[in-house]
There are 2 protein chains.
Amino acid sequence: MDQAKGPRKGRVIGKTNDVNADLIAVVVAVNDAGPCVLTIEEGAALPSGPFELAHRSLQSGLRAWVELQTGQPLGYIEQLYTFADRDRIGANERVISISYLALTREEDAGASGRRSWASWYDYFPWEDHRSGRPPMLEELWPRLIEWADGADDAATRFDRRRRAAVAFGLDDRAWNEELTLQRYELLYEAALVEEAKRGGDSAILAPVPGRSMSADHRRILATAIARLRSKIKYRPVVFELMPPLFTLLQLQRTVEALSGRLINKPNFRRLIEQQELVEKTGATTAETGGRPAQLYRFHHAILDERPVAGTKLPLARA
Amino acid sequence: MDQAKGPRKGRVIGKTNDVNADLIAVVVAVNDAGPCVLTIEEGAALPSGPFELAHRSLQSGLRAWVELQTGQPLGYIEQLYTFADRDRIGANERVISISYLALTREEDAGASGRRSWASWYDYFPWEDHRSGRPPMLEELWPRLIEWADGADDAATRFDRRRRAAVAFGLDDRAWNEELTLQRYELLYEAALVEEAKRGGDSAILAPVPGRSMSADHRRILATAIARLRSKIKYRPVVFELMPPLFTLLQLQRTVEALSGRLINKPNFRRLIEQQELVEKTGATTAETGGRPAQLYRFHHAILDERPVAGTKLPLARA
DNA sequence: GGCCTTATAATCGCGTTGACTATAACTGGA
DNA sequence: TCCAGTTATAGTCAACGCGATTATAAGGCC
């Protein structure tokens, strides 16, 4: 800091502090196959593009890029995080990345160009606990131990073991579905994901299962998953992912797909109904065999009266 | 969007999309007078400065600017929001503002330069409900009604009334301390704060009590207050604002200062203790008259084991 | 008609927590 | 020295939330 003093007058003339601002979108939808993310380049990258003078706002710039690259119009949008301390710091140029989370219904499958929907769990196989603890975690654990024990001093070894145990729910610790980002970062630090090796560093270990993405897009996806898993617990954002009419079980399956864990059915119904988040339409559907189910729609008016106190979900603690 | 197709190759050569990135800090501390924010220019602005090539990261850039302008070193930092769709869109230049929330202990009062601490409630007098509902709200209400009834169609009038009632807890609705931003935005929309008149628009109405700031800094402060009021309920961030040793009442007063409402004392103690967030030091203090109080310290180890499940606070609902 | 599947209703019990009361320990003033 | 005021700390009680479980209804399919 060799600047002249002064709050905003201190900008040195002639020296440019210009940066490029990139907009990156994590567009999420849920279908029968599970939670999906909108990608380009056959699943290798997220839709993104530079923020330009023509854009009225960050959000409209994002919408423009996503629609151009994938044909997908966006509804609900929420800012995720702004990064700048990335590796790609060029000589005299810096890039700021502003990432967004978008929720949509995967309609408009106008097959425009190189868009494709990919399952979350292709990138993070260890995150799906709907069928119980994924077996691959058993193979992951010794590799984390190996990394932890590779530290020089005992304190670091202990700390690494503890962090791994907390993040992955080991040693009688409960699995916490919101730690998606911490888990990915731990694997990155342990050089167990492909992205960690791009710097030419430690090219020995084979990465763990799970598809990688270009740049830090997989990390951004992990951020989005963590944010969404947290948010569905206190805001009624799930409905952005639902069709206009749905059964309570469909709603439950959507929440389960997002959170990666199963929910107790009666409790889920009770909570949804007593919060007046949905209203009956009277219509029923006879699909999927069994007794026909009531079709519900989202009770929009509740958003007006309760702008904050949102959805509580019975995601069991232990 | 008249760009050539392509995800990142579509950048038009010769046309620059460069922007300036500003870093803005909301630095919060709590003292006997209540919750404070670190300001420059005698309370008229928040510390800020451009993100420069010399900065290693956004956070380190922010720290540098705050320390240069106020002499205050920062501890806990968290990103708030990134703005771009602001009024000041110059001819061929755009500014992106990345705002941060910082928590500190107001030590190091090295009186360096133009720094000064100002109470939150100088800027938002309607936000402090520790002594009951502020009387000024009674004067505010008719002005909001006046604004609501000034709309052209009945639907808008009804909607404005509802929004005002929800935000300010009227018509038997409970006061919600987390709606700080919504309240400020409502007052802005109703042209009841000074900032709303800077566009030359509707310079008739006198603004409601409460100090304004330059640019949109007061809005950023509102964002920070809302975020902090929400966060203290589920993460143990309060301790960033506490001295190393403190009594439970001091801790309670700090939470009350932030949330702007009073807390039931026995319940607060029970919750804090049973969560093992603090540990006794054995020492006591005889200040403030009455029976001497135990001095506690923050139980740091709990952060390791419970990275997520944080503080619950008994902030009464109704 | 029996068996599958799913929908829907109802109950039980524990833990959380809001509201309240009681007692302890110290200061300062009459 | 005693009393009043202040704060600390412990304990109680009831209502509610919510996890877990069971029972019943209503359709399809063989």
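These numbers were taken from a predicted model, which means no experiment stands behind them. Quick note on labels: first sequence line is chain A, next is B, and so on, each numbered from 1.
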Margin query: Parallel, tilted or perpendicular: which one describes the rings of A:F246 and A:F239, with boundaries at 30° and 60°?
Written below: tilted
Heavy-atom closest pair (B:I263 atom, B:E256 atom, distance to 0.1 Å) is N-OE2, 2.8 Å
Against the side chain of B:R269, the closest entry in D:dA10, C:dC26, D:dG27 is D:dA10
Rounded to whole Å, CG of B:N264 lies from P of D:dT9 at a distance of 16 Å
Separation of C:dT11 atom P from A:K265 atom NZ, nearest Å, is 20 Å
* To do: Could you check whether A:L248 gets within reach of a base, just the sugar-phosphate, or nothing at all, counting any heavy atom under 4.0 Å?
  => nothing
The nucleotide from C:dG18, D:dG27, D:dG19 with an atom nearest the side chain of B:N267 is C:dG18
Stacked cation flag A:R229 on A:W175, 6.0 angstrom / 45 deg: no
Does A:S230 use its side chain to pair, donor to acceptor, with the backbone of A:A226 at less than 3.5 Å? no
Separation of D:dA8 atom P from B:L295 atom CG, nearest Å, is 11 Å
Is a donor-acceptor contact shorter than 3.5 angstrom present between the side chain of B:R270 and the base of C:dG18? yes
Atom CG of A:L249 and atom C1' of D:dG27 are separated, to the nearest Å, by 15 Å
From CZ of A:R253 across to C1' of C:dT5 the rounded distance in Å is 12 Å
Taken to the nearest whole Å, CZ/B:R291 to C1'/C:dT23 is 9 Å
Taken to the nearest whole Å, CG/B:L271 to C1'/D:dT9 is 16 Å
On DNA chain C, more 5' by nearest nucleotide between A:Q250 and A:P266 is A:Q250
From CD of B:E273 across to P of D:dA8 the rounded distance in Å is 12 Å
